[in-house]
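What follows is a short report on a single structure.
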Amino acid sequence: MTSMAGRLLSDWPISFHSALQKLYARIVTSKRNSAARYADRLRMNIYERLSSPAFDFVRLELDRHSPDPNCAPGDYKHHPMPVMPRQLTDLKTISKAININAPLLKRLIAEGELHGCRGLSACGNKTIVADLKQAQHLATNLSSLMNIEQAANHLKLPINTMKMLCKNDFFTCRGGKPAAGQSWWIDQASFDMSSVFLKRQRSIESTISLRDVLQHPFISQEGVVPLFQAIQAGALSVSIIGKSDLGVLGEWRLGKEEWRKWLHAHMDQLVSSQSLSVLQAAKVLSITQDVAYALIRYGLLNSTVELRNGVKSHRITLHAIEQFKELYILGKEIAKTLRTTSEKVADHMRKLGIAPIAGPSSSSFYCRQYIWSKGPCFEMMISWSRK
């Protein structure tokens, strides 16, 4: 509530009229009456609860507001529906005329970019209608837009990465956030490159492509936003090989050493501040994802199940990782310390009567790697090293 008030007052009264225009547009496109009820409550609050003369400036702008740009200020008198524009046409006809699908037209109306209202189609059915001339003018500006698949192919980026960038306003998207089954409509040239540190390079040595960077588990989903923020801020320099790669983000290349330093700092921050996915935790523990799932299944690595984006997934905290390191040690770590193999370590441990907690054979829990309890293992390593 406070932040919304701050946004409205920061550009008063333009932002106030813009918010009202979007609200009235939602009344037009919404199948329910929730937007209309919200508008009624807003008007009641402004006139009754904000009765102090200090809020007269708000009431003045509310009375002057016109939901349609063709209306003169003051023509709108306490009526939530916009004045009917000229050349009203139903959305199906407009969609065929300007080659823009009807769901996108509805979203443009809901966002206040296209003015529409409830009306009658050519057949006399109740439907949403809009000004054909305004829609045609709008279509000329939308001709360069791409859907999410087209933009991903053009920029050579994964679709999930494109979705994350759109949700976080890295691109200008028309029609607002899409509903289920709909797509983003993206201006692929709107990526802000004003502060990007861009340089040309003849060879790809000592660099790594942005597409390869996006495959790293610590960059998936949560890491996409800080990565592109670092690129836009110039903290990570970008190299291009050919002139054609300038606008193709997937062809950009980062310096390997600079990338490693940034990734190390990002991983430290991520691990200390929030829970990790199973793949991320596996990277921290230097094990495979299958082994990490086995440790979770046998209760050796504590995890919680969270619902994210409608999907249940295991999350592991830094405390759980540290607890695992305190209690257990991997067979390959012992083998590396003693300069031998994991199988020889396992044979020697069996002779001493020490069984692994988990392992590929002769253990209560099957796992592709040997997992040992730390106490007996340290004693064995000391005795081995004395030989």
Side-chain angles (χ1 to χ4, degrees), residues 4 7 18-36 38 82 89-118 127-132 134-192 214 220-225 227-229 232 247-250 307-313:
M4 181 180 178
R7 287 195 300 270
S18 176
L20 288 176
Q21 188 65 51
K22 288 184 178 182
L23 175 60
Y24 296 140
R26 287 194 177 93
I27 293 174
V28 173
T29 57
S30 176
K31 294 181 180 179
R32 300 180 179 180
N33 295 325
S34 57
Y38 179 82
T89 311
D90 63 275
L91 294 190
K92 186 177 181 180
T93 304
I94 293 176
S95 176
K96 291 180 179 179
I98 64 177
N99 197 27
I100 294 179
N101 61 39
L104 177 57
L105 291 174
K106 287 183 179 180
R107 284 160 52 188
L108 292 171
I109 293 173
E111 289 296 312
E113 299 179 56
L114 175 64
H115 300 284
C117 59
R118 297 282 182 182
T127 184
I128 300 172
V129 294
D131 188 346
L132 177 59
Q134 187 192 7
Q136 289 172 335
H137 176 71
L138 186 63
T140 59
N141 299 324
L142 299 179
S143 59
S144 62
L145 296 187
M146 296 182 177
N147 62 31
I148 197 79
E149 292 82 8
Q150 292 169 338
N153 290 333
H154 179 78
L155 298 174
K156 296 185 179 180
L157 291 174
I159 289 181
N160 287 337
T161 299
M162 283 300 306
K163 289 180 180 178
M164 188 64 65
L165 294 177
C166 291
K167 288 178 182 178
N168 290 275
D169 301 325
F170 283 91
F171 291 94
T172 300
C173 300
R174 304 299 291 269
K177 185 179 178 181
Q182 298 180 357
S183 177
W184 295 90
W185 288 95
I186 306 160
D187 179 1
Q188 50 83 23
S190 61
F191 185 81
D192 184 11
L214 291 170
S220 61
Q221 295 185 352
E222 299 97 337
V224 169
V225 173
L227 171 66
F228 278 86
Q229 286 175 340
Q232 282 190 329
V248 184
L249 306 190
L307 186 65
R308 294 195 173 196
N309 300 323
V311 179
K312 288 184 178 180
S313 60

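All heavy atoms count here, side chains included; hydrogens, waters and symmetry mates do not. On a predicted model such as this, the values are computed, not experimentally measured, just so you know.
Minimum heavy-atom separation, L249 to F171: CD1-CZ, 4.0 Å. In terms of heavy-atom proximity, I98 sits nearest to A135 at CD1-O, 3.7 Å. Among all heavy-atom pairs drawn from I100 and S95, the shortest one is O-OG, 2.6 Å. Closest of all the heavy-atom pairs between L227 and L214 is CD2-CD2, 3.9 Å. What you find for R107 and R174 is that their closest heavy atoms are NH2-O, 3.8 Å. Minimum heavy-atom separation, S183 to N147: OG-CB, 3.4 Å.
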Subject >> CA sep, side-chain torsions, deciding dist, call: Q136, L132, side chain to side chain contact (heavy atoms under 4.5 Å, CB included) >> reply: CA-CA 6 Å; Q136 289 172 335; L132 177 59; 3.9 Å; yes
Original post:
Is there a side chain to side chain contact (heavy atoms under 4.5 Å, CB included) between Q232 and F170 once you walk through the steps?
Top reply: CA-CA 10 Å; Q232 282 190 329; F170 283 91; 3.4 Å; yes
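F228 CZ to L165 CG: the interatomic distance, rounded to the nearest 0.5 Å, is 5.0 Å. Here CE of M146 is found 7.5 Å from CG of L155. Values are rounded to the nearest 0.5 Å. Going from atom CE of M162 over to atom CH2 of W184 covers 10.0 Å, rounded to the nearest 0.5 Å. Summarising the geometry, atom CD1 belonging to I94 is positioned 5.0 Å from atom OG1 belonging to T89; distances are rounded to the nearest 0.5 Å. Taking CG of L91 as the reference point, atom CG of L108 lies at 10.0 Å (rounded to 0.5 Å). Here I159 contributes atom CD1 and T161 contributes atom OG1; the two are 10.0 Å apart, rounded to the nearest 0.5 Å.
Side-chain contact check for N160 versus M164: every heavy-atom pair is 4.5 Å or farther apart.
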